[in-house]
Amino acid sequence: MKRRYTISVFTEDIVGLLNRVTIVFTRRKINIESIAASDSEVKGIHRYTIVVTESEDTVGKVTLQLEKQVEVIKAVYHLDEEVIHQEIALFKVPTSILLQGGEAEHIVRSHHARVLSVEAQFTVIEKTGHKHETQKLFEELEPFGILEFVRSGRVAITKPMRTLTSIVNELENKQYS
Amino acid sequence: MEALELTSNKETKTVKQMSGAQAVVHSLIAEGVDLIFGYPGGAIMPVYDALYDYENELNHVLVRHEQGATHAAQGYARASGKVGVCIATSGPGATNLITGIADAQIDSTPMVCITGQVASHLLGTDAFQETDVIGISMPVTKWNYQVTKASEIPGAIAKAFYIARTGKPGPVLIDITKDAQFETLEFSYKPFKGMRSYVTCPSLNLSKIKEAAGLINTAKRPLVLFGQGVILSGAESEFRRFIEKAGLPSAWTIMGLSALDSDHYLNVGMLGMHGNYAPNKLTNECDVLIAVGMRFDDRVTGDLSRYAKQAKVIHLEIDPAEVDKNVKADVAVLGDAKASLKLLYNLVEEEEHKDWLEEFRKLEFEEYTEVIHQELNPNGEDLTMGEVVSSINEYSKGKAIVVTDVGQHQMVSCRYAKFKQTRSLITSGGLGTMGFCLPAAIGAKFAAPNREVVAIIGDGGFQMTIQELGTIFQTKTPVKIVVLNNEFLGMVRQWQELFFDKRYASTTMVNPDFQQIVKGYEIKTKKVTEREQLNSAVKEMLEFEGAYFLEVRVGKENNVFPMVPTGASVSEIRLK
């Protein structure tokens, strides 16, 4: 059965490694639904958060293939309920829609979205949340005219308490003992 | 692993000013390299210029095509256990390496490839002979790295060799921009000692070993499948002691061939599509299946949904990504085969499994009467490939290194060649690269100059890298080349016969006169068309001191049997 999984890949901070990571997916023709690259809490360790919808068998094999790559420190996968995750969406809308009778303004307020910038011609609104939440705001604002829209990849924090530092310490002791 | 560590390297004591190109040469020498295969070109010229001063320390073999360099490096690595090294220029030079790199990746062959690259300020501009070899080679290398500064060279090369030879070995590519080759650096060399993001070998888990031993000790019908892992970890004697103590019938993948003597009483033969009857049949009748350093390739397993379902599976494996990939292991013993087998040896009980072994003998006899006898003693006029291999066995006394290409002759060589020494069968297993054999045989001969190296090739594969006859001519490498000529792309033809209604689409080969071609390279040649010429020709070839080309006309439409058709279960193996 296919389900949505969040794969977190911790790597050394090296040029080209993203390519090596994505090859593991493209080779099996797995669609990457979203990908986010960032630092981690450990200096020098990079983190990719990748979302795919696949069977656990496939995701498990992919995770091992990822971990097999030289310079990948650790790869783990989790179901949605095992992570706290968010995406950020930015909407550029005509400022005029927020001045007409307040309906658009009401939508923005009811979604707890933030206004980031107001210019004479356009306003930029930010909404952070799960994809269905940012999508809902998109659908409600769409009739008013959205000038530009962008949504980030998912970022996720895992619920299990094993820290990256402890994993790294274990690997370093193993290698150099 | 220990065998591989022997290629290890030395640290330099002093710091010297030199160019990046000289640093490449000094780094290779520090890694213990004394032989490289390559082909020069614009972007690698500074390195070639530096090599010119070190001809005594570092022998460079000029191949005729970069693909030949990779296969030669592979042949060298597979025969010696050391890292094979090849070198090429940017652009087409680099792309010509890719087939060999992919072959080394899937067959876990330690290899370091060094490519020149356009100057760093030209990267990404579609400069002359620029290609993104890092991008192209990424899916087929264990690791790759682009050097743009001379100061990175010693560190990158040290890391490359470490990664290539440790853990599950594989190919590594270092791409060096031309400006980095010219730039000067303060050279000092430090061997690479490991990194947190690359676990070479998972730690042994004693409880898993105990669990495995428990299963083996209660097994009534155990079967061992062994692969190249036994050879790569240098575990041949540990393996033999283990199976002898527990009385375990043992079958091999073609990558594991020669790790156990052919005539060992527990050697029950070859697995897979064209393997032996008994081990394929009995895979589906054993109660405990013990896989050692093999990865359940589809050519070995046939239909996975009907593969050894009745058996408890023990998998000794160094690569965690291979466990449960194709066949679910009941007990996964992660780690180096040598270390695991040593521990297992202590825990298994002495046993003989006579009745079970007898079942293998019965099926062996059946295969002998139905297939082997005819292959080796045919009634018809046509020579068979098996007769030729058998003659080579006899006159080489099983001591030769046999290198094969890909196709029918490969399966026949693996089935009928006999070995008494490890690292004696070199073939392109996973990738199935036609054209592998001739250059790989050159590399093997450099690795083992005191051993006879016999290249067995089909007429198709021979023409894929036939240009390496030039390398043999120039280096006077005394390899013995046997072309089994059936004027067909035989394996594809066999499939067309069996599965495509004999529609022989593009498999007929109209060949040139190989004798004339080979004579041009001043290699001694002979052509055998009749049975009575065969033995004397093989004898003459093996007694001859230099390179020798023996062409044998074999039956045009002979088939290799037994066969597990695609999609069938191993127990549905056909004898005809």
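Each chain gets a letter, A, B and so on, in the order the sequences are listed, and its residues count up from 1. Any value given below was found using the heavy atoms of this structure, including those in side chains, with hydrogens, waters and symmetry copies removed. Note that the structure is predicted; figures quoted are calculated from it, not measured.
- With respect to A/E12 and B/R196, a salt bridge is recorded, a charged nitrogen being found less than 4.0 Å from a carboxylate O.
- Heavy atoms of A/Q65 lying under 4.5 Å from chain B belong to its backbone as well as its side chain.
- Interface residue B/K159: only side-chain heavy atoms are found under 4.5 Å from chain A.
- In this structure, chain A has a heavy atom under 4.5 Å from the side chain of B/D319, while its backbone stays farther away.
- We find the CD1-CE distance between A/I23 and B/M138 to be 6.0 Å, quoted to the nearest 0.5 Å.
- None of A/E82, A/H85, A/R154, A/H78 except one satisfies the side chain to side chain donor-acceptor pair (under 3.5 Å) rule with A/T6; the exception is A/R154.
- For residues 22-45 of chain A, the set of pairs meeting the side-chain hydrogen bond (donor to acceptor under 3.5 Å, both in side chains) definition, not counting sequence neighbours, comprises A/E33-A/T53.
- Proximity to chain B (any heavy atom under 4.5 Å) is restricted, for A/V168, to the side chain, taken from C-beta onward.
- Per-residue counts of heavy-atom pairs under 4.5 Å with chain A were compared for B/I163, B/I134, B/N144, B/D324; the largest is that of B/N144.
- To the nearest 0.5 angstrom, B/D175 atom CG is 8.0 Å from B/T177 atom OG1.
- Using a 4.5 Å cut-off between heavy atoms, A/V70 touches chain B through backbone and side chain atoms alike.
- With respect to the salt-bridge test (charged N to carboxylate O, under 4.0 angstrom), the residues A/E170 and A/R162 qualify.
- Heavy atoms closer than 4.5 Å to chain A are found in the side chain of B/E322, but not in its backbone.
- With chain A as the partner, the residue from B/Q146, B/K168, B/K142 showing the most heavy-atom pairs under 4.5 Å is B/K142.
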